[in-house]
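Okay, structure first, notes after.
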Number of protein chains: 2
Amino acid sequence: MKASVTMIEPNGHLCSDCAVRGIAVCASLDPSELREFEHLGRRVHFGAGETVFSEEDITTSFYNLLEGVMRLYKLLPDGRRQIVGFALPGDFLGMNTSGRHNFSADAIGAVTVCQFAKAPFGRFMEDRPHLLKRINELAIRELSQARDHMVLLGRRSADEKVATFLLAWRERLFALKGSSNTVPLPMSRQDIADYLGLTIETVSRTFTKLERHGAIEIIHGGISLRDPARVEALAAA
Amino acid sequence: MKASVTMIEPNGHLCSDCAVRGIAVCASLDPSELREFEHLGRRVHFGAGETVFSEEDITTSFYNLLEGVMRLYKLLPDGRRQIVGFALPGDFLGMNTSGRHNFSADAIGAVTVCQFAKAPFGRFMEDRPHLLKRINELAIRELSQARDHMVLLGRRSADEKVATFLLAWRERLFALKGSSNTVPLPMSRQDIADYLGLTIETVSRTFTKLERHGAIEIIHGGISLRDPARVEALAAA
DNA sequence: AAAGCCGATTGACCCAGATCAAATTTGACG
DNA sequence: CGTCAAATTTGATCTGGGTCAATCGGCTTT
């Protein structure tokens with residue numbers, strides 16, 4: 001959105017001390033492969049609101065998210081937006097069978113990605129089935145999440161959607177940063193609404209309601225779970 | 001649902017003249033591999049309404065759908081159901097990372113599957129990266145469809161949902177049986193409702209409305225597209 | 001061919017969440 | 001600080017689609 005500077009770091013970073021080494025696609029590579037892999041990717045920074053790639057763009061690169069949060073979304077011709085997911089460090093983006101991206105991806109706040117040109121990456125993967133296997137695992141895991149989200153979108157009430165979202169988001173952050181009842185929400189209310197298939201007003205009202213009932217506290221840049229059990233009960237219903 | 005007889009054919013079928021040879025996972029195998037592959041799968045029949053596997057079941061097999069249509073769904077504790085997809089011949093079912101199925105699968109009408117025990121299949125795939133690659137492609141394609149469906153569930157109106165469904169279903173059948181304005185709908189109105197995140201009444205009313213407007217004709221076991229352009233216009237909106 | 005059943009359709013009414021419209025809070029910048 | 005502009009919250013009202021309740025076929029069974 002905002003015109004901000006996209007930076008490409010000129011120097012070579014070391015995969016071996018990359019923050020996502022253990023959780024991203026590269027977890028499947030041994031040290032010697034990693035050294036070769038290092039030459040394929042380059043770190044790129046994006047500022048808040050910048051678009052990393054757009055739906056229908058021809059796929060020229062894949063991306064490994066290193067730092068920050070991204071929103072992945074699709075737009076209808078009339079502008080309605082559905083966010084199909086939020087990406088966190090370790091997520092691998094850009095795979096498709098059509099040669100074109102099937103969703104758009106924006107940085108929410110500052111983001112660092114490891115960018116791979118499609119062809120060299122494909123060649124590298126060609127004779128490294130364990131990398132393919134890793135990518136397949138990530139795809140299958142995502143598919144499972146996508147199905148869970150379909151249930152949420154198709155069959156849950158607004159209260160259940162919001163409660164489920166807070167718990168699932170906390171769970172994802174837990175895997176990265178450890179457990180906490182403080183749940184940072186780097187995305188806007190509009191983003192949350194477009195993820196849950198609601199309007200911004202309904203999201204806001206639901207937060208307020210949860211706070212009035214003592215289930216959460218709305219804090220700067222996120223929420224705090226005051227009564228996790230109550231939120232869980234709402235989400236389960 | 002209904003207690004009907006599940007049949008396992010005792011004799012060996014030939015993969016080489018299998019109906020889905022060219023479109024399923026096995027499309028990635030050469031003739032000699034195919035002969036070996038033949039010993040891994042066995043054909044199993046299911047009657048209308050029978051459950052092939054259930055969510056949370058430990059995954060012991062993978063399935064290659066050969067004939068018929070299946071509904072893939074998830075249930076909420078209180079019984080609300082979301083159908084996450086319909087499977088057609090050529091679809092490969094059962095992959096997951098957790099060791100348990102993450103959705104349930106029922107036969108809609110009579111179904112024939114090619115069933116593979118998980119471990120031998122995994123071993124066979126181990127040293128056949130092209131099979132893994134094929135499975136990965138199918139997973140990524142499904143992921144793309146899942147994202148499209150999220151947009152439908154989260155952001156489309158009832159009219160748009162129904163119109164989009166009819167066109168997408170016709171498109172899938174087209175790939176199997178060729179083009180036609182007659183669209184068979186083997187699934188019930190309840191199934192369609194649970195797929196689109198609507199109620200059965202809304203689906204029924206929307207069909208009737210489309211028919212009154214001359215866009216479709218409701219026929220036994222499906223619909224006929226009378227004015228495909230109008231349906232497309234509704235779906236696009 | 002009458003009875004029973006089950007899926008589908010239709011009608012009447014209702015409500016969760018959308019829409020429209022202000023406030024109010026927050027943040028960025030001079 | 002003070003000033004905008006943007007994001008969020010809050011309130012009032014509206015409505016698309018849900019809920020509840022009859023029918024209405026089309027099969028099967030006898």
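Labels below follow one simple rule: chain letters A, B, ... track the order of the sequence lines, proteins then strands, and each chain is numbered from 1.
Here the C1' atom of nucleotide C:dT26 and the CD1 atom of A:Ile218 are 14 Å apart, to the nearest Å. If you take CG of B:Leu210 and C1' of C:dA8, they are 16 Å apart, rounded to a whole angstrom. When the C1' atom of C:dG7 is taken as reference, atom CD1 of B:Ile108 falls 15 Å away, rounded to whole Å. Rounding to whole angstrom units, NZ of residue B:Lys209 and C1' of C:dT9 are separated by 15 Å. Taking atom CD of B:Gln190 as the reference point, atom P of C:dT9 lies 13 Å away to the nearest angstrom. Distance A:Leu185 CG to C:dT26 P: 16 Å, rounded to the nearest Å.
When DNA chain D is scanned in the 5' to 3' direction for atoms under 4.0 Å from non-hydrogen atoms of chain B, the outermost contacting nucleotides are D:dG17 to D:dC27.
With sequence neighbours excluded, the residues that form a side chain to side chain contact (heavy atoms under 4.5 Å, CB included) with B:Cys26 are B:Ala24, B:Leu29, B:Leu34, B:Phe37, B:Asn64. Residues satisfying the side chain to side chain donor-acceptor pair (under 3.5 Å) criterion with B:Arg80, sequence neighbours excluded, are A:Glu160, B:Asp78. Legend: residues meeting side chain to side chain contact (heavy atoms under 4.5 Å, CB included) with B:Thr97, ordered by chain and number and at least two apart, are A:Glu137, A:Ile140, A:Arg141. Listed by chain and residue number, nothing satisfies the side chain to side chain donor-acceptor pair (under 3.5 Å) test with A:Arg189 (two or more places apart in sequence, or in another chain). Take B:Asp148 and apply the salt bridge (Lys or Arg N to Asp or Glu O under 4.0 Å) test, not counting sequence neighbours, and it matches A:Lys74. Scored by the side chain to side chain contact (heavy atoms under 4.5 Å, CB included) test, B:Asn96 finds B:Thr59, B:Ser98, B:His101, B:Asn102 as partners (sequence neighbours excluded). With sequence neighbours excluded, the residues satisfying side chain to side chain contact (heavy atoms under 4.5 Å, CB included) with B:Arg172 are B:Phe86, B:Leu88, B:Asp91, B:Trp169.
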Give the table of side-chain donor-acceptor pairs shorter than 3.5 Å for residues 174-181 of chain B, with sequence neighbours excluded, one pair per line with atom names and distance.
unit_1   : atom_1 : unit_2   : atom_2 : d
B:Ser180 : OG     : B:Thr182 : N      : 2.9
B:Ser180 : OG     : B:Thr182 : O      : 3.4
B:Asn181 : OD1    : B:Arg170 : NH1    : 2.7

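Comparing the end axes of the helix from C:dA1-D:dT30 to C:dG30-D:dC1, each fitted to five base pairs by superposing C1' atoms of four pairs onto the next four, gives an inter-axis angle of 50° (nearest 10 degrees).
Under the 30°/60° scheme for interplanar angles, the aromatic rings of B:Phe53 and B:Tyr63 are found to lie parallel.
Within the 4.0 angstrom heavy-atom criterion, base atoms lie near A:Ser204.
Within the structure, side chain to side chain donor-acceptor pair (under 3.5 Å) pairs that include any residue of residues 203-212 of chain B comprise B:Asp159-B:Lys209 (at least two apart or interchain).
Considering A:Leu196, A:Leu152, A:Leu234 as possible partners of A:Thr164, the one that fulfils the side-chain contact (heavy atoms from CB on, under 4.5 Å) test is A:Leu152.
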Summarise how protein sits on nucleotides 13-20 of chain C as a single string, 5' to 3': B when a protein heavy atom is under 4.0 Å from the base, S for sugar-phosphate-only contact, - for no contact.
-> ----SSBB

